[in-house]
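Structure record follows, encoded as structure tokens.
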Amino acid sequence: MKLLILFTIVASLQVSANGYGQTVTLSVKNIPLEKVFKEVKKQTGFSFVYTRDQLKNSLPVTIHIVRAQLKEVLSICFSNQPLSFTIEGNYVVVQTKHTTLPTILQPDSLIDIKGHVINENGDPIPGATVIAKHSNRGVSTNSRGDFVLQGVNDEDILSISSVGFYGEEIAINKQRFFVISLRFAVNSLEETVVKGYYSTSRKLNTGNVVKINGSQITNQPVSNPILGLEGLVPGLLITQNNGLPGSRFKALIRGQNSIQNGNSPLFIIDGVPFLSDNDALTQLNGMLANSPFNSLDPNDIESIEILKDADATAIYGSRGANGVILVTTKKNKADRNSLSLNISHGWGKVARTMQMMNTQQYLEMRKEAFLNDGITPTNNSAPDLVSWDQNRYTDWKKEFIGGTAQTYNAQLRYSGGNQFTKFSFGTGYYKETTAFPGDFGDKKTTVDININHKSTNNKLNLNFIASYGYDKNLLPARDLTGFITLPPNSYPLKDASGNYIWREAGYSVGNPLASLLQRTEVSTDRSTANGIITYKPLNGLEIKVNFGYNKVGVNEKIQSPIASQDPAFAPKGTSVLGDNFIKTWIIEPQVSYMFNLNNKFKMEMLAGTTWQKTEAERKLITGSGYTNDELLGSIAAAPVQTATNSNAQYNYAAIFGRIGINWDNKYIFNITGRRDGSSRFGPDKRFANFGAAGVGWIFSNVSSIRKAIPFLSFGKLRGSYGLTGNDQIGNYQYLDTYRGTIFAYDGQPGLTPSRLFNSDYSWEENKKIELAAELGFFQDKLTVNLTYYKNKSDNQIIRYSLPTQTGFTDVLLNFPGVVQNKGYEISLNAEIIKTKNFQWNTSFNISHNENKLISFPGLANSSYASTYVIGKPLNAFSGLHFMGVNPQTGIYQFEDLNKDGIISNADNTYAGTTDPKYFGGFSNFFHYKNFQLSILLEFRKQVGVDPVYSSGSRLGYITNQPTYTLNRWRNAGDIVPYQRYTQSFTNSAFSAASNVSSSDARLTDASYLRLKNIAFSYDFPSSWIKKLNALSWRIFFQTQNLFTITKYKGHDPENQSLGSLPPLRMISVGTQINF
Amino acid sequence: MELRLIFKNRKMKTKYFTIILCSLLIIMQGIIYTSCKKFIEVKDPNDQLNSDKVFSDSSSAVAAIVGIYSDMLTNRNLFSNSAVTLYGGMSADELYSFTPGLKDEFVKNQITQANHINIDNSFWQPAFKYIYSANLVLEKLLASHQLSSSLKNQLMGEAKFIRAFCYFHLVNLFGNVPLITSSKYQDAAIAPRASMAEVYALIINDLNDGKTLLKEQYVTSEKVRPNKWTAAAMLSRCYLYNNRWQEAESESAAIINSGQYSLESNLNNIFLKNSIEAIWQLKPVRPGFNTYEGLEILPASAFSSPTYLITPQLYNSFENIDSRKNAWIKSRIFNSDTLYYPFKYKLPNGASLTEYYMVFRLAEQYLIRAEAELNQNKLQNAITDINIIRNRAGLPNTLANNTQSLKLAIEQERQAELFCEWAHRWYDLKRTGRATDILAPIKGATWQSTDVLWPIPQQEINLNPSLTQNPGY
């Protein structure tokens, strides 16, 4: 509160100081024209568009003028020059005056050409410079991206350049109309980065913000835009849960800060907080296939910014501890009408699985198990050996997860408008089927509209975005991947007439195909509306109000028909209907002021407030006891009905501010702060303050340093320190309440105490420190960022375990446990080759994070004693020390650490963590004439969960195993990784198999290098396109997860799950055309 | 000159504008500051009710008590929902698991730190949860002024009864246990174990209060919430367990003579709902199911085996013509073996609810009275009471006629009548000091005399260092 008052007072005092204005005060004598431009730019903010060549013949300027209009000043400066100028928006475009033409050219060979310059998204680029190289004629594009260049030679070459883009050169070659697409220069230091409520350039940024452009995501055939970030962002670890359409993911920025509570970053889409992926939208579906982000279309995304350090995240206060991910959707910047169409089709197959035993190998295992145990198999204990066909073989893996998933993707976008009002309308459709048998899959439809209006005097700007997404996810109730361990000679699942077979010789292993009749249908509706009103009453002063609304509604239907269940148990049908609505609205009034003192001192100030309300409501209705599958659709027809519902409200209010100071482009200071109030805490603990300070020193702007290191084109050291918080604990935890029991008793509804009541907990606090160097070499052809950070999370909110004699197992309280994450991130961008026809850019990033539990008072006597180890990562695994298979007995053996003669929990020791040691990505971009190729490699160095040891798989039982487990102990003296086969439930091999799952053998190398993405595209030459009346036409070919190099023995080293579908290998082809 | 003037005016204008704007902003902040606190107030969620509100209204206050019964029956394997019967039965000589090796820790009395998770989850945790709920109800009722005194009495009586019921099983399974009589978790978390005598003092006190507070009539048309006789039934059992023979006799006699209950002649009808013999039944809550005990024990399908089997010792202990052997035990041939399983409850599920979970029934009161009479040397009275139970089972009068033989006759009769019901056999063997005599030959080397008490769950000791472990663990 005080902060805002301070801001407004400062603002009122500084009203008379010079902001950017259109008036110029200049008193110079005989200085080069270029210096005048720079000075004028400083005073007015107007940029000059010119080439050095143009100024070659310019004359020095002498002028004395006080508070004159820009145009007046420029007229004086240009009066004797061989140049003229025009003012376009905020640009002053310098043009060479037509004087004499080179004599070698015949006047009749001169032509006029027109053109349109756009970026990769098809949006126009205003202010781009277009120069005919031979004649040195140049113009710049207007606000629509159009240009007209008169009197150039047919043989000439056009050179097109713009700040923030890679330049292009095109031979005129008798063409009269050009559409030139410029690619984003990813390592450009001038690129704008958004830090939530304000933006800055990469050059002047004091915090850690990584920006990913939409094209980097649309290059990848993913339906969930967040999954496209994998491998691109240092410090951001994204792990896909499975290969099902709509898969959820885990996103972790710089490690796990909170012992128990949410570690999810704050997601904000166009200014409105969105759900995190951890928010359980579905109430029943355990397949983790309903990411709320799946209702977004990757093609609608302009950029995604990832905010990591305190300087960038402290303005988000209590919600910023785990980092912030800002998603910005596409907005129309052009005022010409355009239509863009994008269509693609893809195919996906499970990329990596384990080779399972065939019938012969499997039966060999089973027989050996019985032989080892000295037991004769009977039909009761081994139908597979006694009664079932010994030659029958079914490849269950192929049967259940061997299918090809298909994707269909189409987007249409129409944009238009005029100088003042622009709009864009887009719609998309996406369908993805699964690798399972049967008609399952995910369909989504998205629609968005975006309108921007500005007043004629440029003071008022209105922006409105509305978008809607509908996603329908139809999946089997169970992931079939878990069934690939059925005995390979098991009975067929259907008989000749199509009836399900449930058992053979009285023995049942179930029927996975019948379980496909249990369908989970989840529909997700997402509506987002966002309006921004910006008013600039004065130069430098901006008043802005952001209104946002977001609603996600999820509707679930899960049915278990009688036909899907084993008839021997006289099953009944069940039908479940679930609803879940989450609504958020937000209003954020803001005021910012910017002023410039003597061009040496620039200051930006921002103050604002946030008002946010989130309401959630869920219902779950179950009908059971159906005796007729036809009635499953009707809950009223269910003999037994139960229903539960709940609602929650989360209110949040805050005031935030920022002061940014730039001293001569050398020293940059940034101070941000926020005071937060959240309803998630007890009445006395609701408010807290957060803040951060960032400092940057651009030492390359110090002339002595610049001279000393000539190849250094940019150098910045920056650091930040600050405090952020985490309030991801769910609502109402402080209330002293009763809740309804699940069942009524004797017809009377019951109440039961909800929890032990403690209203005294407050935020988790996360202190972040970061130091970084950002360097550019050889005119920024090579840029290197080095970052070191250390985050300490304190005041942990945990469900503190209590002895249950208190009535409950825990109580929520703040606990003085400290978790530290420290690490480094290195990223490197290089423009390796840049010639007229060929370009090669490469970028590389690597991150290392070390998570450590610094302190946890009373750990040894808490229920966490076996979960956490002081000084080790939170994600620590302690277990027995595995000593391989005893060559004599053929049984797994473990170290008796405490030498008490028995192997028990007391012998556990810290074994390791599945947190990656380091991870990153390596991407290359090639551009040859009209061909473009980008290749993204992703890597992780990590240990993971061994599929055989971790599951306690008992080799020899009636489940199939991977073929490598054939490498088992048979005879005394064998040195092998797997113990003797057994089928017993009581012998020592049985207990050794369960011990091995809690031993360090559980952990195995799961490092990998994955060819994450290849995107190849070809742009048809403009001469062809012209016939179509199109602006551009591109065809593309993309692959995802093409191959993975790993020693990991399970399905996939990323999700490491045995029971869930591994991520798919996708191949997709498509075309994009712009009119 | 003119230009400058215009310029100046414009600048003045904007200056005033800005000043006005900023003043407005400052005023706004005052409003914001006061409204901030208000803004983040939230309404209580609709699926939760503030504790104080619960006890300001009669129907929600009743729901707070009824909720405990519902909790007691919601999940399988709670001590109040089959676990005492099954695990107590295995610890004694009544039951074993069909799956070889499964639950051997109970069958062989080899409970260790690693395998006793059931003890925590099925017994310790739920019992203390209901004790907490009962304590909270008692405290909130005392503080509430909106409820009628008759309702308050009824609910307090039930809360005290529930607390006594939970402590009865805790003290019999674990021996000394922490005595928690308040809802304050800060105190409860560090409470040490109280002696069995202290615990029984609380139980008996609660039950005597319960007898005063509860009415003779049930509050509803069924016998699913305790009345005065329910408190008396448990009280007579507690007196019996504490060798307070005279009090035990008078409590059981009062119930028998109340005229409210009589023995059901058809053995197959005893465990039906509202059986005339029932003193208190828990009414199953999960729609579509009858008792959990039925669900746990009976075979799931024509292809399935029963889950729990009756031991040969129990099966052979019946006299051949005992009709209880046929009515309450069933067999199935599985894999050429004949498997015997309890059949007191005959339904695993079913759309209509016909069987309630029997907690107290009149037959036990006859056996309590017989034992109490015997110990007061009223031999003839004891023989009469034993014969009432024997005759109903189609057996002739007992031949026992002296104190020693009558003691064994009562032990035998309790086994035959109350087998696989609420661990009667396990508790009887312990309280009569006969556990080692009887169990050591059956269980073999794995039996130790310290096995009469289960271990205190290690996790609880970890969390409350003032708890001590039972000997032998």
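For B/Tyr356, no part sits under 4.5 Å from any heavy atom of chain A, backbone or side chain. Interface remark: A/Ser646 contributes backbone and side-chain atoms alike to the contact with chain B (heavy atom separation under 4.5 Å). Contact of A/Leu802 with chain B is made through backbone and side chain together, with heavy-atom distances under 4.5 Å. In this structure, the portions of B/Val224 lying under 4.5 Å from any heavy atom of chain A include both its backbone and its side chain. Neither the backbone nor the side chain of B/Ser182 comes within contact range of chain A, judged by heavy atoms closer than 4.5 Å. Residue contact with chain B, scored on non-hydrogen atoms closer than 4.5 Å, is absent for A/Gln641. With a 4.5 angstrom heavy-atom cutoff, B/Ala127 does not touch chain A via any of its atoms. Of the atoms belonging to A/Ala568, heavy atoms from both backbone and side chain fall under 4.5 Å from chain B. For A/Ser678, the part sitting under 4.5 Å from any heavy atom of chain B is the backbone (N, CA, C, O) and nothing else. With a 4.5 Å cut-off on non-hydrogen atoms, B/Lys273 does not touch chain A at all. If you measure heavy-atom distances from B/Val62 to chain A, the contacts under 4.5 Å come from the side chain alone. Contact annotation for A/Phe687: only side-chain heavy atoms (C-beta onward) come within less than 4.5 Å of a heavy atom of chain B. Proximity to chain B is limited to the side chain of A/Thr642, based on heavy atoms less than 4.5 angstrom apart. The contact between A/Arg503 and chain B is made entirely by side chain atoms (from C-beta outward), counting heavy-atom distances below 4.5 Å. Contact annotation for B/Ile461: neither backbone nor side-chain heavy atoms come within less than 4.5 Å of a heavy atom of chain A.
Salt bridge annotation for B/Lys129-B/Asp71: present, with a cationic side-chain nitrogen under 4.0 angstrom from a carboxylate oxygen.
Looking only at heavy-atom pairs under 4.5 Å with chain A, the residue among B/Leu73, B/Asp44, B/Ile131 that has the most is B/Asp44. Annotation: maximal heavy-atom pairing with chain B below 4.5 Å, among A/Thr809, A/Val811, A/Asn651, occurs at A/Asn651. Considering only heavy-atom pairs separated by less than 4.5 Å from chain A, the leading option among B/Asp120, B/Asn135, B/Leu136 is B/Leu136. Note: A/Asp736 leads A/Asp736, A/Thr752, A/Thr741 in heavy-atom pairs under 4.5 Å with chain B. For chain B, the option among A/Tyr652, A/Tyr738, A/Phe757 with the highest count of heavy-atom pairs below 4.5 Å is A/Tyr738. Heavy-atom pairs under 4.5 Å with chain A peak, among B/Glu41, B/Arg225, B/Glu222, at B/Glu41.
In this structure, the separation between CD1 on A/Ile742 and CG on B/Asn75 is 6.5 Å, given to the nearest 0.5 Å. Atoms CD and NZ, on A/Gln565 and A/Lys572 in that order, are 10.5 Å from each other to the nearest 0.5 Å. Rounding to the nearest 0.5 Å gives a distance of 9.0 Å between OG of B/Ser59 and CD of A/Gln748. For the atom pair CG (B/Asn81) and OG1 (B/Thr74), the distance works out to 8.0 Å, reported to the nearest 0.5 Å.
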Derivation of the side-chain contact (heavy atoms from CB on, under 4.5 Å) call for A/Arg675 and A/Ile655:
CA-CA 5 Å; A/Arg675 180 167 171 79; A/Ile655 174 160; 3.7 Å; yes

Please walk me through it: do B/Lys53 and B/Ser60 pass side-chain contact (heavy atoms from CB on, under 4.5 Å)?
CA-CA 8 Å; B/Lys53 278 190 199 153; B/Ser60 55; over 6 Å; no

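Between B/Tyr132 and A/Phe808, the distance from one ring center to the other falls under 6.0 angstrom.
The aromatic rings of B/Tyr69 and A/Tyr745 lie tilted to each other, with the angle between the two planes from 30° to 60°.
A donor-acceptor pair shorter than 3.5 Å cannot be found between the side chains of A/Tyr800 and A/Asn758. A/Arg686 and A/Tyr734 are linked by a side-chain donor-acceptor pair at a separation below 3.5 angstrom, with hydrogens and angles left out of the test. At a cut-off of 3.5 Å, with distance as the only test, no side-chain donor of B/Arg193 or A/Gln805 sits close to an acceptor on the other residue.
Taking the ring axis of B/Phe39 as reference, the NZ or CZ atom of A/Lys613 stays within 45° of it and closer than 6.0 Å to the ring centre.
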